[in-house]
Amino acid sequence: MGAVKKQQLQPGIARWRFALVAILLCLLAVVLVLHLARLQVLPEEERGYRFLQDQGRARTIRTEEIAAYRGAILDRNGELLAVSTPVQTLWANPQHLKEASAAELRQLAAALEMKPATLAKRLQKYANKEFMYLRRHLSPERAGRALSLDIAGVYSKKEYRRFYPAGEVVAQLLGFTNIDDRGQEGLELAYDNWLSGQPGQQQVLKDLKGRTVQDLATKREARPGRDLRLSIDMRLQYLAYRELKRAVNENGAASGFMVILDTRSGDVLAMANQPSFNPNNRKGATAAAMRNRALIDQFEPGSTVKPLTALAALESGRYRPHTAINTSPGYIRLPGKTLVDPINYGRIDLTRVITKSSQVGITKIAMDLEPNTLRELFYRLGLGEAVGSGFPGEAAGILPSRSRWHPIERANFAFGYGLTVNAVQLAQAYSVIANAGLKRPVSLVLADGQKASVEPERVVEDALAQQVTAMLETVIGKEGTGRRAAVEGYRVAGKTGTVHKVGSGGYAENRYRSVFAGFIPADNPRLAAVVVIDDPSQAKYYGGEVAAPVFGAVMEGAMRLLQVPPEEVPPAEEQLAVQLGERGNKS
């Protein structure tokens, strides 16, 4: 009986326990639901759903920079001179990458064209960092090979790389950018703010391995940089570069440079330098090759300023082109120095002084003029002040001013010693003569594709400028020193210069700088140019032998490119006689 009663009580006790457990489980579920509601529904809770969402975003949502496109540089005709192309940069999180296997690291190094030991050293160097570059500026194909390995911790981002289609032809003028696409030299540096764009920002969703899963939103659009259009005409630039390089090589010269100006606008149409470098691959490039000598280098212009001295003589009113000057006996003594001509030219007129580049004749003119007359004229023509090109490091030159001039200083100044200029300044001075006495500002850049209209400044009387032009034409004639600058079918005006270089002990006897300055066509000028060949080491060194042929070859091609029709050219002496006769009749 007792055993039977005990078996009947056990099921009752089990039901009670079951009910209690069930109630406890239900209460636990309610508590859990309330806790979840507090975390994910109630916004006021300290660690509610807003807190959890923020924490989730902090671990998965990132703000990345959108690279901005750098503006292109073009020549006056729209030809590309510098352009930025999209590339891929690979980077890594060393904290993730160090967990990769040895085989994966070898594969990654091979894809990056890097030695495995080099990659290992870089990982060791950045072991405590979360970012390091693997390889920058890769083509999409090369970057794709590395990314296809799907190695944890390896990522890519879009950047831009600068490319220069013209290579070394215009390298010194353009300059170059660094790996971050910021200007470092030349016009790239001068107009960096203009060319640089404004990077954008975008939000992306990333997984635990740092890979982008989804682009969420663009916070700020990238603003591309503005294009820069130069005054350079690449047709003339190629021509000038080719002939300059040939002259430097043939004459064993240390360097050379050439500038071509549009006399009607003041635009720089060409600016070539030698030696040069390839801005697309600067490995091995020297500082000397990167220098834009046409604007940065200062030099004594030598005999190329003799026509300017003649212009000062004409302005004084005491001289005319046919005024006779006695150069006998072929030399002149000044305190401390004797200046000589190659031969005794005897009694010659002012024009022939320029034709033959007579030191004695120019010295006598200088001694007859007021001491500061020459300096004042040189300054009006643009010497001694920067041309305002905006190019970094542009030289202003040296134009001395003295209260008292020693006789030898006055003589040296008159034939181009004791002052320094850059090639653009000298070209501008000749452009004033070519432009009938009007001076226009020099420009390297066209504003919005068109050069702003600037009224020219009259600095020399029209009639005097034309008289000097006629003198300069005789220099290119059969008896002048610049015969090799002649261009068949066109009247050319110009002047040669052969300048002794300064050495450690003063002027060196056997080191020279060969110079030619001129313009074409003389009767209706379009182009003014200056050629400088520095330190020719072969037998030839005179400006008429080394620099003048470069001018002639370049201008011959330039006249064809600009479609300037040729004309029948009378002898220079006949041109001068006709011009003088016409002015005599008018007076």
Side-chain angles (χ1 to χ4, degrees), residues 71-85 161-177 183-191 195 227-251 253-262 267-297 389 391-393 422-424 427 443-446 527 529-534 547 549-551 553-558 560-562:
I73 302 179
L74 309 95
D75 84 335
R76 67 186 304 110
N77 299 314
E79 182 175 343
L80 278 174
L81 305 181
V83 61
S84 291
T85 56
R161 181 182 179 183
R162 205 65 161 167
F163 179 66
Y164 301 92
E168 63 182 32
V169 175
V170 70
Q172 294 86 354
L173 178 61
L174 297 182
F176 52 85
T177 61
Q184 299 298 292
E185 295 287 345
L187 294 178
E188 289 276 29
L189 173 60
Y191 290 90
L195 293 165
D227 292 346
L228 184 69
R229 177 160 291 192
L230 305 185
S231 61
I232 296 296
D233 187 327
M234 280 305 296
R235 300 173 301 169
L236 301 185
Q237 180 73 21
Y238 280 114
L239 188 59
Y241 180 82
R242 184 190 69 193
E243 295 301 327
L244 183 68
K245 185 174 183 178
R246 178 184 301 170
V248 168
N249 291 336
E250 288 181 354
N251 293 283
S255 62
F257 42 97
M258 181 177 188
V259 172
I260 302 176
L261 294 184
D262 184 332
D267 289 344
V268 178
L269 299 181
M271 185 177 287
N273 290 267
Q274 275 293 309
S276 191
F277 71 102
N278 182 0
N280 297 305
N281 182 6
R282 300 190 296 276
K283 186 177 181 179
T286 63
M290 294 181 182
R291 192 165 75 242
N292 186 3
R293 300 172 185 272
L295 274 168
I296 294 176
D297 281 16
S389 66
F391 191 88
N422 66 43
V424 178
S443 176
L444 282 170
V445 175
L446 300 180
L527 304 177
V530 168
V531 180
V532 180
I533 307 295
D534 187 32
V550 179
F551 178 93
V554 172
M555 291 304 145
E556 181 180 4
R560 290 198 306 269
L561 290 171
L562 298 179

(message) Is there a side-chain contact (heavy atoms from CB on, under 4.5 Å) between Ile260 and Met555? Walk through the geometry before answering.
(response) CA-CA 10 Å; Ile260 302 176; Met555 291 304 145; 4.0 Å; yes
Sequence neighbours excluded, which residues qualify as salt bridge (Lys or Arg N to Asp or Glu O under 4.0 Å) partners of [X]?
X: Arg242; answer: none
X: Asp227; answer: none
X: Asp75; answer: none
X: Glu185; answer: none

Decide yes or no for [X] and [Y]: does some side-chain heavy atom of the first lie under 4.5 Å from some side-chain heavy atom of the second?
X: Leu295; Y: Ser389; answer: yes
X: Gln237; Y: Leu173; answer: no
X: Asp297; Y: Asp534; answer: no
X: Tyr191; Y: Val445; answer: yes

(message) Return the CG to CE distance between Leu261 and Met271, rounded to the nearest 0.5 Å.
(response)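 Going from CG on Leu261 over to CE on Met271, the span is 8.0 Å.
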(message) For the CG atom of Leu174 and the CZ atom of Arg162, what is their distance to the nearest 0.5 Å?
(response)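 It is 9.0 Å, given to the nearest 0.5 Å.
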(message) Suppose we screen for side-chain hydrogen bond (donor to acceptor under 3.5 Å, both in side chains). Which residues come up paired with Asn422, at least two apart in sequence or across chains?
(response)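 Listed in chain order: nothing, the list is empty.
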(request) Output all residues satisfying side-chain hydrogen bond (donor to acceptor under 3.5 Å, both in side chains) with Asn280, sequence neighbours left out; order by chain, then residue number. (result)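 If we apply the side-chain hydrogen bond (donor to acceptor under 3.5 Å, both in side chains) test to Asn280, skipping adjacent residues, the hits are Asn278.
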(message) Does anything in residues 274-290 form a salt bridge (charged side-chain N to carboxylate O under 4.0 Å, His left out)? List the pairs, not counting sequence neighbours.
(response)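 For residues 274-290: none.
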side-chain contact (heavy atoms from CB on, under 4.5 Å) against [X], all qualifying residues, sequence neighbours excluded:
X: Ala247; value: Asn251, Ile533, Val550
X: Arg235; value: Asn77, Asp233, Leu561, Leu562
X: Arg560; value: Glu556
X: Ser276; value: Glu168, Ala171, Gln172, Tyr241, Gln274

(message) The criterion is ring-ring contact (aromatic ring centres under 6.0 Å, His included); which residues satisfy it with Phe391, sequence neighbours excluded?
(response)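 Partners of Phe391 under the ring-ring contact (aromatic ring centres under 6.0 Å, His included) test: none.
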(request) Would you check if the side chain of Arg293 reaches a backbone N or O of Ala288 as a donor-acceptor pair within less than 3.5 Å? (result)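 Present.
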(request) Considering non-hydrogen atoms only, spot the tightest contact between Leu244 and Ala272 and give its length. (result)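 Heavy-atom minimum between the residues: CD2-O, 3.6 Å.
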